[in-house]
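What follows is a short report on a single structure.
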Amino acid sequence: MAVGPDTRRRQAEFMDLLAPIRDRLYRFALHRIRDRSRAEDALQDATFSAYRRFDTFERGTDFRAWMYRFVLNTVLNYNRATRRDPTVGVDPPALDLHENLRTGTAYDAVLADPERFLQHVGDELREAIYDLRPVEQDVLLLRSLEGFTYREIADLLDMPIGTVMSHLARGRAKLREKLAQYAEETGFVRGGAA
Amino acid sequence: MNCAELRRYLSAFLDSELDGGTTAEVGAHLDACPACAERVEGETRLERAIAQRLNAEPVRECFWEECRDQMGRPRVRARAWVPAAWAASLLAALAGGFTLGHGAAPDATGMESARDLITVVREHGRELLRTGARAIHEYRPFESAEQGRGWLGRWVGDANTHLVHLAASIPQHDTRLAGGGTMLVAGEEVPLLHYRCCDHDLYVVFVMPAALSHFEGVSRVLAERHGVECRRCPVSNVALRLCPKSGAVIAAVGNGCAPGLAGAIAEP
């Protein structure tokens, strides 16, 4: 079936807007779904959904945020289908990143040289993120990886800013506990080799 | 502000999301408390380093081109999974196919060659698998993973190195090099690497370009008749079959713009 000039123009506009953020969209989907093939499927579904509704996008507004809504919804559906994102109760709020971290432990060595520590960390970093609650993964990735502001995340996830902050702090605290545990187990010490 | 209060604000402080007054209070505390200042600096660097690590996942180059091509068309999704036993037959068939097809000229479409290969799967796959032990009688284990990787690089070049790295880099599964050696394919000694992946043994066998002419037909027949999803890798020009459970490469065929071909399979 031949594609008309209007369709080609519409596709070109959509792909142009997508170009600066498309790798980020993929990384987000991959981190949330964990499986490269299924992440591609989800991203393709999200892209097609967005393209079908491209007429509803208000030119001049934030295309990135608009696009992430489709990706977030699609990821949620994919993970629901595989029961990866179970519905769970709300954890008590935690805003202290170090509430469960004792001083004088291996985590101090991590903070002394985080870049060197992460060189020694393999898939444990991803695993630690995957172990977070789905909403914690969302806010952590949207903030730390994608650079969304709290307001933008609150709009995307349809929740109050305070809830975003709570989930983010809780997710970060859990992540730090895992990294500290890994540092402890591997004997990572300040100034030395792991 | 004291140290405990600062820790409560730390997450928002790292994100520059505190209001001006609170930011000033945090700043004043950090000026007066070297321990907190050191922690905050470490946390800032840790956040940056984590983001850099998470950022290192490229999508394959042709993905967005495929999206554009398929935009607006109804989507056809390949079946997701190949039984391990069938996959095992495929490995044997691939090895056999290389042997049978070595040096043969491809037909115009590749389809006949593909049919030949499928016939091999059906008629000889299990036999080849059963007798596979004989085929690798010259198997000589590598002494170390490093030796295997070095050997791999010398023999088959970047294409298959990319393939193996791809298999090893996919998250949520444990793909690790369990051993390696050499085996005879069509009278040639070729590398064989043994991975453990997704509760399967994964063998990656490398053969030379002369046996690579079947790719288009093979991938089409696999997709149409058996629901096997082949993905073409833009770097190595190798079609990959990915395990939907783990994302691992469980089968691959290619027609080599780069030297070498990988045939990989899960053994039940």
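Between A/Ile161 atom CD1 and B/Glu17 atom CD the span is 7.0 Å, to the nearest 0.5 Å. One distance of note links CD of B/Glu47 with CG of A/Leu140; it measures 7.0 Å at 0.5 Å rounding. Atoms OG1 and CG, from B/Thr44 and A/Leu111 in turn, are 9.5 Å apart once rounded to the nearest 0.5 Å. Note: B/Ile50 CD1 to A/Leu145 CG = 11.0 Å, rounded to the nearest 0.5 Å. Note that the CG atom of A/Leu168 and the CG atom of B/Leu14 stand 9.0 Å from one another [nearest 0.5 Å]. The OG atom of B/Ser11 sits 7.5 Å away from atom CZ of A/Arg176, with the distance rounded to the nearest 0.5 Å.
At distances below 3.5 Å, at least one donor-acceptor pair connects side-chain atoms of B/Arg53 with backbone N or O atoms of A/Val121.
Taking 4.5 Å as the limit, some side-chain heavy atom of A/Tyr107 sits within range of a side-chain heavy atom of B/Leu46. Annotation: side chain of A/Met165 is not in contact with side chain of B/Tyr9 (no heavy-atom distance under 4.5 Å). Annotation: side chain of A/Arg143 is in contact with side chain of B/Asp15 (closest heavy-atom distance under 4.5 Å). Using a 4.5 Å cut-off on side-chain heavy atoms (C-beta onward), A/Leu118 and B/Gln52 make no contact.
Per-residue heavy-atom pair counts under 4.5 Å with chain B were compared for A/Glu115, A/Arg52, A/Arg151, and the maximum is reached by A/Glu115.
Residues B/Gly42 and A/Pro114 share a closest heavy-atom pair of O-CG, 3.8 Å. Here the closest heavy-atom approach between residue A/Ser144 and residue B/Ala51 is recorded as O-CB, 3.4 Å.
Atom CG of A/Asp158 sits in a sparse spot, with 12 or fewer heavy atoms from other residues, nucleotides or ligands closer than 6.0 Å. Atom CD of A/Glu185 has more than 12 neighbouring heavy atoms from other residues, nucleotides or ligands inside a 6.0 Å radius.
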